[in-house]
There are 2 protein chains.
Amino acid sequence: MDKPPTIADVAKLAGVHKATASRALNPRTSGQVNAATARRVLTAAKRLRYQPNTVARSLSTNRSATVGVLVPDLTNPLFPLVVRGIEDALDNQGYTALLANTDNDPERAGAQFDALLSRRVDGFLIATARREDPLLTRAHDQGIAVVLVNRSTDVPLFPAVTGDDAAGIAAAVEHLRDLGHRRLAHLAGPAGMSTGSVRARAFRQHAGECAPVVECASYTEEAGAEAARRLLDEHPGSTGIVAGNDMIALGALQVLRERGLDCPQDVSVIGFNDMRFVDKLVPPLTTVHVPHHRLGAEAAQLLLEQLDRPDRAPKTVTLPLHLVVRGSTAPPR
Amino acid sequence: MDKPPTIADVAKLAGVHKATASRALNPRTSGQVNAATARRVLTAAKRLRYQPNTVARSLSTNRSATVGVLVPDLTNPLFPLVVRGIEDALDNQGYTALLANTDNDPERAGAQFDALLSRRVDGFLIATARREDPLLTRAHDQGIAVVLVNRSTDVPLFPAVTGDDAAGIAAAVEHLRDLGHRRLAHLAGPAGMSTGSVRARAFRQHAGECAPVVECASYTEEAGAEAARRLLDEHPGSTGIVAGNDMIALGALQVLRERGLDCPQDVSVIGFNDMRFVDKLVPPLTTVHVPHHRLGAEAAQLLLEQLDRPDRAPKTVTLPLHLVVRGSTAPPR
DNA sequence: CTGAAAGCGCTTACAG
DNA sequence: CTGAAAGCGCTTACAG
């Protein structure tokens with residue numbers, strides 16, 4: 001219950017000045033001190049079970065070894081994987097993630113951002129980017145280190161790690177084509193996010209400008225269902241649906257059931273993300289697999305490099321995606 | 001890009017000493033300063049967009065407004081909800097969660113615990129408790145504030161917020177009984193965790209000492225499947241299975257399919273937790289709903305109270321659970 | 001009600 | 001190679 005030992009305690013026990021103890025304890029500076037002295041310090045530290053006070057160190061170095069992570073909602077099955085990837089990459093380097101949920105609310109995002117800033121995070125990993133995002137503009141103006149995850153912005157302010165959305169959609173369209181589908185449609189994600197617009201553009205490019213695209217209000221099952229209803233009302237002949245993501249696909253599946261349409265016999269459906277449990281649905285969902293853990297890990301890595309030597313060129317990393325064919329796609333009847 | 005303003009900047013602009021500025025800025029001490037002066041300070045702070053440096057404050061107050069959260073694995077669908085509950089409750093009070101995954105590895109748990117301690121968290125929320133847990137004993141000896149979430153320990157060292165596991169199992173058994181089942185079995189979670197042992201004990205109590213109980217090595221689909229195979233080999237007549245949790249139930253469902261047994265026609269299965277998407281399985285899983293978000297929120301609340309006035313009586317909060325009847329249970333044929 | 005001072009536990013130029 | 005000192009940005013008894 002008594003206070004943890006400080007570096008002064010270690011120094012006293014080792015019979016040196018605390019500056020020396022500090023140098024001996026820090027791997028980066030331990031070369032500056034006599035090997036024998038260093039050893040004495042290390043032993044003393046071990047004896048006392050000394051744990052450096054990270055808070056004091058941060059104040060002194062102006063580095064907190066902490067990064068802020070902004071996600072829309074941890075409860076959305078994608079993000080735990082991203083966050084885990086981030087944490088795993090950060091852990092290695094002694095960094096810690098400070099998580100904040102924005103719930104897709106720009107105001108809340110701003111408040112969380114400021115709170116994190118007040119905790120003196122060294123940088124941010126942001127998974128909530130919109131194509132035009134005032135928060136990001138502000139961060140850029142203030143010279144704050146940021147790496148974008150999963151979504152990017154129209155003008156590339158920051159480095160970003162995303163999946164190759166266009167290639168993913170291309171693979172989806174090609175798969176349906178190969179099965180013999182000719183009447184394809186896209187249930188697009190919100191156009192305000194890069195994932196929504198990039199995927200929609202890729203769909204148009206590969207399926208042709210005439211293929212119907214209906215935009216969903218959000219990446220949710222409900223919005224997906226609503227859009228699917230509109231689609232089926234206006235284009236009842238559609239036999240192959242490429243959904244903007246898995247949640248939207250779930251909504252589509254639900255609407256097909258509502259209308260007595262069988263998937264995949266009457267209509268094939270492809271999702272995007274390959275989130276957990278979509279392989280256990282009936283039918284198991286054909287979808288584009290996104291390596292979310294790796295997305296997070298690479299982004300964290302990039303941010304760490306960025307912090308080491310700031311580099312103004314916002315390089316972008318695009319991770320390859322692949323289609324996972326399961327039961328929700330089949331030849332049209 | 002220039003440094004953020006400090007309290008000294010605010011004080012100078014307001015024409016007061018920084019001690020006064022500090023008092024004016026802190027709601028708890030602002031009563032000590034003249035209202036007019038206080039207003040001047042607030043305006044100055046606003047003009048400069050002053051954000052207090054939390055790190056400096058922490059060093060000075062010896063409080064970091066930060067709590068460590070230990071979960072087995074964020075990627076397990078239960079925990080995002082728990083964590084979200086924690087964060088929502090913490091946010092209100094200006095606290096931040098520092099998350100760490102232990103992957104059920106005691107060594108890793110210890111390392112994460114120390115790392116968090118080195119960041120001077122004010123306390124811990126721990127969802128990784130084992131019934132006898134050396135880490136918790138150590139934390140208790142060191143007088144560290146801890147609240148347990150979801151799982152508790154055999155000897156009550158700390159306050160804990162858990163679901164009413166026994167009542168949940170009772171409801172499950174009763175439901176099967178009401179449907180007419182007489183040959184019940186339990187696929188128990190690991191006995192080393194309170195959830196595993198409490199649920200198993202409750203099952204025995206309600207289903208009778210002769211009802212078979214097979215323990216799973218872990219709360220995973222694979223372990224559940226393995227246990228289900230053993231159960232069906234030794235007790236082929238079982239018609240009602242109560243699983244230790246939903247993942248185990250998934251494993252059981254898989255084994256039933258393997259053996260050409262229909263659920264619920266041949267065998268009824270009940271899960272535990274009501275994790276996301278189990279309502280979309282075929283058949284939709286009947287399961288005991290656990291309010292994970294609330295579990296996290298209540299635990300955070302309890303920890304915050306604990307930090308305010310340490311109270312050595314480890315009070316325990318038990319949240320009511322209810323059975324959600326879906327498609328995986330039916331009368332025996 | 002306000003100021004001056006000390007202190008929280010580190011790190012890091014600066015001397016020697 | 002090591003020590004003495006200053007400083008990071010706050011807070012909080014202590015005087016007045």
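Sequence lines set the chain letters: A, B, ... in the order given, protein chains first and strands last, and positions in each chain run from 1.
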B:Leu59 has an atom CG; how far is it from atom P of C:dG7, in whole Å? 14 Å
Listed in order of residue number, which residues of residues 41-54 of chain B have a non-hydrogen atom at under 4.0 Å from DNA chain D? B:Tyr50, B:Asn53
Reckon A:Thr61 has a side-chain N or O less than 4.0 Å from the OP1 or OP2 of C:dT11? no
Please step through salt bridge (Lys or Arg N to Asp or Glu O under 4.0 Å) for the pair B:Asp114 and A:Arg49, ending with a clear verdict. CA-CA 11 Å; B:Asp114 287 336; A:Arg49 300 215 192 134; over 6 Å; no
Would you check if there is a donor-acceptor pair between the side chains of B:Tyr50 and B:Thr6 at a distance under 3.5 Å? no
Any luck finding a side-chain donor-acceptor pair between B:Thr162 and B:Ser152 under 3.5 Å? no
B:Asn34 CG to C:dT2 P, straight-line distance once rounded to whole Å: 5 Å
Comparing A:His17 with A:Ala56, nearest DNA chain D nucleotide closer to 5' gives the residue A:His17
Take the protein atom CZ of A:Arg63 and the nucleotide atom P of D:dG9, then report the distance between them rounded to whole Å. 16 Å
Quick note, A:Ser60 side chain, CB onward, closest among D:dA4, C:dC10, C:dT2 is C:dC10
Determine whether any donor atom in the side chain of A:Arg120 lies under 3.5 Å from an acceptor atom in the base of D:dG9, or the reverse, and answer yes or no. no
note: B:Lys18, atom NZ; C:dA4, atom P; distance rounded to Å ~ 11 Å
Tell me what B:Val16 touches on the nucleic acid: a base, only sugar-phosphate, or nothing, going by heavy atoms under 4.0 Å. sugar-phosphate
Hey, is CD on A:Glu305 packed in by over 12 heavy atoms from elsewhere, all under 6.0 Å? yes
Using a 3.5 Å limit on both distances, find every run of at least three consecutive Watson-Crick or G-U pairs that involves DNA chain D. C:1-3 with D:14-16, C:5-12 with D:5-12, C:14-16 with D:1-3
With a 4.0 Å cut-off on heavy atoms, is A:Thr37 in touch with a base, just the backbone sugar-phosphate, or nothing at all? sugar-phosphate
Kindly indicate, with the supporting measurements, whether the criterion side-chain hydrogen bond (donor to acceptor under 3.5 Å, both in side chains) is fulfilled by A:Asn101 and A:Gln112. CA-CA 8 Å; A:Asn101 299 278; A:Gln112 299 274 27; over 6 Å; no
Kindly say if B:Thr20 contacts the phosphate of C:dG3, meaning a side-chain N or O under 4.0 Å from OP1 or OP2. yes
Nearest whole Å is fine: how far is C:dT12 P from A:Asn26 CG? 7 Å
Contacts of A:Arg23 and A:Ile7 projected onto DNA chain C by closest heavy atom; the upstream (5') one is A:Ile7
Residues A:Lys3 and A:Asp9 bridged, charged N to O under 4.0 Å: no
Is any side-chain N of the basic residue among A:Asp88 and A:Arg294 closer than 4.0 Å to the acidic one's carboxylate O? no
As a quick check of understanding, evaluate side chain to side chain contact (heavy atoms under 4.5 Å, CB included) for B:Asp73 and A:Arg84, giving each step before the final call. CA-CA 8 Å; B:Asp73 176 13; A:Arg84 236 326 199 145; 3.2 Å; yes
Under 4.0 angstrom, heavy atoms only, what part of the nucleic acid is A:Thr6 near: base, sugar-phosphate, or nothing? sugar-phosphate
If I take atom CD in residue A:Gln32 and atom P in nucleotide D:dG3, what distance separates them, rounded to the nearest angstrom? 14 Å
Rounded to whole angstroms, how far apart are CG on A:Asn62 and P on D:dC10? 11 Å
Do the two ring centres, one from A:Phe158 and one from A:Phe124, sit under 6.0 Å apart? no
Please report, rounded to the nearest Å, how far the C1' atom of C:dT11 is from the CZ atom of A:Arg28. 10 Å
Any ion pair linking A:Asp133 and A:Arg151 (charged N to carboxylate O, less than 4.0 Å)? no
